[in-house]
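All values below come from the heavy atoms of this structure, side chains included, with hydrogens, waters and symmetry mates left out. All values reported here derive from a predicted model rather than from experimental measurement.
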Amino acid sequence: MRILFAGIIARYPFGGVTWCSLMYLLGLRALGHEVFYIEDTGECVYDPVQNTRALDPSYGTSYIHEALAPFGLGDRWTFVNYDGSYHGRSVEEVRRYSADADLFLNLSGGSWYWRDEYVRIPRKAFIDSDPGFTQLAIAKAEPWYVEFFKGFDRLFTFGANIGTSRSTVPTGAFTWHKTWQPITVDDWRTDARPRDRFTTVMTWQIESFTDVGGNKDQEFVRFIDLPSRTPQPFELAFNGPKRLLRQHGWNTVDAMAVSRTPAGYRQFIHQSKAEFGVAKHTYVATRSGWFSDRTACYLASARPALVQDTGWTAHLPSGEGLLAFTTPEDALAGIDRINAEYERHAGCAAEIAREHFDARHVLPRLLEIACG
């Protein structure tokens, strides 16, 4: 099958976001499919060197190439700048590829356009990585936004409870199919010895969907005193009020520095003992069933994960290797359980990744629904 895949690598040029798209591309290719990456959001790239949105897309286009080239995909991409200029492969090459494509996969709004060459692809699917936020935005009934989603044959979401009685998220006339982030598990195996740190990479507040939901800061404050209640050290790679968190005992590092490249992001996870992850308020309040692509990477690295329950416990095992918490007391108990039998929990984490997130299992199910 020939697949055109849209992602947001240049829009958010950081390791975690890059791995999300990269593992789709690698996983689909490993299954025998031909893949091509396109980014066509109509927005400027973010340039972390200048710390601004840049009219010049050079940083973003170089970043895409440097991320994809080590995996043999250095000539399999195009970036369409806000002004309509094409970088990487030409507009003519994109149109030729699309003319013979079988499936258009759009991850997280990698394209907000319905260009003629995309419309003519026989099957089209959107993959929602921000469950709750996306559906609440659709519910506002902004005409262009609703029409955009009507253009897809299938809609997928990382919110496993979306469209069920478990979640309060409105779906209206749309049907959302559950999926997980596919993990190319061989890329995450490591023999590195972890440091004694429970870590995560997080964004304190997001810039999108500001009028439809709550951010991670609303949930995190509920657990802000956790370091004072356990001898276990924590380290947060995040962009937020570092001084405030340090005052409460959290070690902090700059998220942009840690995740500047896919390799750096992976190294940070490999050096971690386990993940401690708090979810965005909207994920929790709506019981969306969201499960983090980042957490799946920790698990594939044989790093146990202690993460806030958004309703995902109805779909994934919890208790060994992957532990859920709702209250600070739950979190403290989870830390003690992981530390008491660390090697067992590490082994269980890797097994959960293989069973539930391996791209060789996740992607065939997605393709069956997308093309069915």
Side-chain angles (χ1 to χ4, degrees), residues 14-31 66-73 180-202 230-238 251-277 291-307 316-323 334-363:
F14 299 108
V17 176
T18 302
W19 274 111
C20 288
S21 288
L22 183 57
M23 289 191 287
Y24 274 98
L25 295 169
L26 297 178
L28 290 166
R29 186 179 67 179
L31 291 173
E66 291 168 6
L68 300 187
F71 298 92
L73 295 169
W180 301 127
Q181 168 70 45
I183 303 297
T184 51
V185 293
D186 291 343
D187 291 316
W188 291 89
R189 291 197 176 98
T190 180
D191 295 324
R193 185 176 180 84
R195 299 174 303 139
D196 185 21
R197 293 287 189 274
F198 277 50
T199 73
T200 197
V201 183
M202 60 179 274
T230 173
Q232 174 60 54
F234 298 89
E235 184 171 271
L236 305 178
F238 85 123
N251 297 302
T252 65
V253 295
D254 182 59
M256 292 185 180
V258 163
S259 59
R260 182 65 62 87
T261 67
Y265 177 84
R266 180 171 58 184
Q267 182 182 38
F268 180 79
I269 290 176
H270 284 173
Q271 291 176 341
S272 304
K273 184 177 186 180
E275 182 185 22
F276 173 76
F291 192 85
S292 171
D293 56 88
R294 178 194 59 253
T295 299
C297 293
Y298 273 86
L299 297 174
S301 304
R303 301 301 186 251
L306 174 63
V307 292
L316 294 167
S318 175
E320 296 183 341
L322 173 60
L323 291 78
I335 292 168
D336 289 343
R337 289 186 63 184
I338 290 172
N339 285 334
E341 296 183 273
Y342 180 76
E343 294 301 328
R344 184 170 67 85
H345 283 285
C348 290
E351 181 57 34
I352 291 170
R354 288 191 295 268
E355 183 175 348
H356 294 277
F357 298 100
D358 192 324
R360 291 167 289 196
H361 305 319
V362 173
L363 289 175

> Can L26 and L73 be said to form a side-chain contact (heavy atoms from CB on, under 4.5 Å), step by step?
CA-CA 9 Å; L26 297 178; L73 295 169; 4.1 Å; yes
> Where is the tightest heavy-atom contact between T295 and A305, given as atom of each residue plus distance?
CG2-CB, 3.6 Å
> Measure the CG-CG distance between L236 and D254 for me, rounded to the nearest 0.5 Å.
12.5 Å
> Restricting to non-hydrogen atoms, name the atom on Y265 and the atom on S259 that form the minimum distance, rounded to 0.1 Å.
CD1-CB, 3.9 Å
> Quick check: do L25 and L68 have side-chain heavy atoms less than 4.5 Å from each other?
yes
> So do the side chains of R195 and P233 get within less than 4.5 Å of each other, counting heavy atoms only?
no
> Answer yes or no: is there a side-chain heavy-atom contact under 4.5 Å between R360 and V185?
yes
> Any chance you could measure S292, atom OG, to M202, atom CE, to the nearest 0.5 Å?
11.5 Å
> Are P317 and E355 side-chain neighbours, meaning at least one heavy-atom pair lies under 4.5 Å?
no
> Check whether Q181 reaches the backbone of C20 with its side chain - one donor and one acceptor, N or O, closer than 3.5 Å.
yes
> Might you point out which heavy atoms bring D293 and I183 nearest each other, and give the distance in Å?
O-CD1, 4.2 Å
> As an exercise, state the distance from CZ of R29 to CZ of F71, rounded to the nearest 0.5 Å.
9.0 Å
> Of the non-hydrogen atoms in G321 and I352, which two are nearest, and what is the gap between them?
C-CD1, 4.5 Å
> In Å, rounded to the nearest 0.5 Å, how long is the span from CG of L322 to CD of E320?
11.0 Å
> Check A302 against A346 and note the closest heavy-atom contact, atom names and distance.
O-CB, 3.4 Å
> Measuring only between side-chain heavy atoms, which start at C-beta, is F291 closer than 4.5 Å to W180?
yes
> Could you check whether any side-chain heavy atom of F198 comes within less than 4.5 Å of a side-chain heavy atom of I338, counting everything from C-beta outward?
yes
> Passes side-chain contact (heavy atoms from CB on, under 4.5 Å), F268 versus V253? Steps please.
CA-CA 11 Å; F268 180 79; V253 295; 4.3 Å; yes
> What's the spacing between T18 OG1 and R260 CZ if we round to 0.5 Å?
12.0 Å
> Over all heavy atoms of both residues, which pair between M23 and P182 is shortest? Give the atoms and the distance, please.
CB-O, 3.4 Å
> Please evaluate residues T261 and R266 with respect to the criterion side-chain contact (heavy atoms from CB on, under 4.5 Å), reporting the C-alpha separation (whole Å), side-chain torsions for both, the decisive distance (0.1 Å), and the verdict.
CA-CA 9 Å; T261 67; R266 180 171 58 184; over 6 Å; no
> Can you check whether S272 reaches R197 side chain to side chain, under 4.5 Å on heavy atoms?
no
> Any non-hydrogen side-chain atom of T190 less than 4.5 Å from a side-chain atom of R303?
yes
> Going from CG on L306 to OG on S318, what distance comes out if it is rounded to the nearest 0.5 angstrom?
9.0 Å
> Out of the candidates W19, Y298, F357, only one should pair with W188 under the ring-ring contact (aromatic ring centres under 6.0 Å, His included) rule; please name it.
W19
